Amino acid sequence: MKVKVISRSDDDFTRERSQDLQRVFRNFDPNLRPQEKAIEYARALNAAKLDKIFARPFIGAMDGHIDAVSCMAKNPNYLKGIFSGSMDGDIRLWDIASRRTVRQFPGHQGAVRGLTASTDGRILVSCGTDCTVRLWNVPIATIVESDDSSNHAAEPLAVYTGKNAFWGVDHQWDGELFATAGAQVDIWNHNRSQPINSFEWGTDTVISVRFNPGEPNLLATSASDRSITLYDLRVSSPARKLIMRTKTNSIAWNPMEPMNFTVANEDCNCYSYDARKFEEAKCVHKDHVSAVMDIDFSPTGREFATGSYDRTVRIFQYNGGHSREIYHTKRMQRVFCVKFSCDASYIISGSDDTNLRLWKAKASEQLGVLLPRERKRHEYNEALKNRYKHLPEVKRIVRHRHLPKPIYKAAALRRTVTEAERRKEERRKAHSAPGSVVTEPLRKRRIIKEEE
């Protein structure tokens, strides 16, 4: 009698690079899985709940300043570095990984109002209310060093003195020019002690300036007369001007769509504009309950972070009307500046309580090295949440946020006031002659006039 023995090779039935896990053969025929949608929905629900359980966005605080942090700047050539300036004139370079000061740049006698770094990361430009602009050398060797001997003061390369206080500075993305904002917009060169060009439109103070990432000669400014102005360095006069109902505190260009920019406004909202079409805002981003002080885009261009006077940091989608995330701590005071890290993984905020705080861009993201199976599991969960995000239960869990009591009450009050204004406008329109009351959308209602 002949007996046939079933023989199998272990190599064919174990996963690659893992001898303890048996390979599983699956038949993906949908007829064999009538409950597939229900199972996926349950998994999406669990993934949304797990995100809430593991949401720990706050990483740590960088303590060292003795006065309020007023401005920050990223080093485009060094991922771990962040510059910060405070109201007492102190400028520091921080190592984000170790959360300590690497280098100090003393010299300003008043508040530091603007910081920016050159494209190669070797030149730091600072300005302040002491009417001076200072250029600092940032040697790469000092940045890379990790010992305590690198924590020493630096001397400025050059000091430029102006007639009025400076309120903002920004460097060209590709070039040797930088612009300062104050009584007027001045264009400087690294090798010149006087401005090579000056722009002025109106008599009020310019409070922020930003160069366009795609067009090196285009820059946008905001002033205390509620205006947003576009300047072109190739012509002698400003290009376009837009006046809003309230003041704009900061401007940020979208790095992936250089024709679009978003402004942080005093009326608790952010407005996205197309530089080619100023007639109305593309999107209105609402959720803050106090003035928005600073704004910064992620390097991906898909979202931006805002810091507000209501002591919170929020993250918005570039085309979303409401924030997807809100960060706050009990000790954090009014947020004056906020920056995305160069790898879009972290957010750094500077507040009135002298601290810089480090946050995760995704609150539930796992830090450290991920195994391939862990990464696949996270990607699968994200795909499930994205697929079932419109269902009520998943949407409720994903959107829910615990807010501090003052912000919760202020948001409820704002909703009450907005709803009352809407009802009043509807009643006025209903009891007026047809066509006599014209209602404009919110994104257009904020604009008063436009000047060419």
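This chain uses plain numbering: 1 for the first residue, then up along the sequence. FYI, side chains are in, hydrogens and waters are out, and symmetry mates aren't considered; it's all heavy atoms of this structure. For clarity, every value in this text was computed on a predicted model and none was experimentally measured.
Under the side-chain contact (heavy atoms from CB on, under 4.5 Å) test applied with Trp253, the options Thr262, Asn260, Asn212, Leu219 reduce to a single match, Asn212.
Partners of Met256 under the side-chain contact (heavy atoms from CB on, under 4.5 Å) rule, at least two apart in sequence or in another chain, are Asn254. Residues passing the side-chain contact (heavy atoms from CB on, under 4.5 Å) test with Arg331, sequence neighbours excluded: Arg357. Arg134 meets the salt bridge (charged side-chain N to carboxylate O under 4.0 Å, His left out) test with no other residue; sequence neighbours excluded. The side-chain contact (heavy atoms from CB on, under 4.5 Å) search around Phe54 returns Leu50, Ser364, not counting sequence neighbours. With sequence neighbours excluded, the residues forming a salt bridge (charged side-chain N to carboxylate O under 4.0 Å, His left out) with Asp352 are Arg334, listed by chain and number. Every salt bridge (charged side-chain N to carboxylate O under 4.0 Å, His left out) that Glu419 has, sequence neighbours left out, goes to Arg422. With sequence neighbours excluded, the residues forming a salt bridge (charged side-chain N to carboxylate O under 4.0 Å, His left out) with Glu303 are Arg324, listed by chain and number. Judged as a side-chain hydrogen bond (donor to acceptor under 3.5 Å, both in side chains), and not counting sequence neighbours, the contacts of Trp359 are Ser349. Scanning for side-chain contact (heavy atoms from CB on, under 4.5 Å) contacts around Asn217 gives Gln172, Glu215, Asp232, Leu233, Arg234, with sequence neighbours left out. Asp170 meets the side-chain hydrogen bond (donor to acceptor under 3.5 Å, both in side chains) test with no other residue; sequence neighbours excluded.
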Could you walk me through whether Ser84 and His65 pass the side chain to side chain donor-acceptor pair (under 3.5 Å) test, one step at a time? CA-CA 9 Å; Ser84 66; His65 287 291; 2.7 Å; yes

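Contact check on Lys241 versus Asp225 returns a salt bridge, with a Lys/Arg side-chain nitrogen under 4.0 Å from an Asp/Glu carboxylate oxygen.
Without hydrogens or angle criteria, Arg100 side chain to Ala97 main chain gives no donor-acceptor distance under 3.5 Å. Within the 3.5 Å criterion, the main-chain N or O of Met332 finds a donor-acceptor partner in the side chain of Thr329. A side-chain donor-acceptor contact under 3.5 Å links His285 to the backbone of Gly320. Under a 3.5 Å cut-off, the side chain of Lys74 and the backbone N or O of Ser341 do not form any donor-acceptor pair. Between the side chain of Ser222 and the main chain of Ile228, no donor-acceptor pair closer than 3.5 Å is present. Thr119 places a side-chain N or O within 3.5 Å of a backbone atom of Trp173 that can act as its donor or acceptor partner. Under the 3.5 Å distance criterion, the side-chain polar atoms of Lys389 are left unmatched by any main-chain donor or acceptor of Lys395.
Heavy-atom minimum distance, Ala264 versus Val292: CB-CG1, 3.5 Å.
For the pair Arg240 and Phe278, the cation-pi test (distance below 6.0 Å, angle within 45°) is passed.
Using cut-offs of 30° and 60° on the angle between ring planes, the pair Trp136 and Phe105 is perpendicular. Between Phe316 and Phe304, the ring planes are parallel. Angles under 30° get that label, and only those over 60° would be called perpendicular. Using bins of under 30°, 30° to 60° and over 60° for the plane-to-plane angle, the ring pair Phe178/Tyr160 lands in the parallel bin.
Taking CZ of Arg401 as the reference point, atom CD1 of Ile407 lies at 14.0 Å (rounded to 0.5 Å).
Identified under the side chain to side chain donor-acceptor pair (under 3.5 Å) test for residues 403-414, with sequence neighbours left out: none. Within the structure, salt bridge (charged side-chain N to carboxylate O under 4.0 Å, His left out) contacts touching residues 306-320 (residues at least two apart or in different chains) are Asp287-Arg314.
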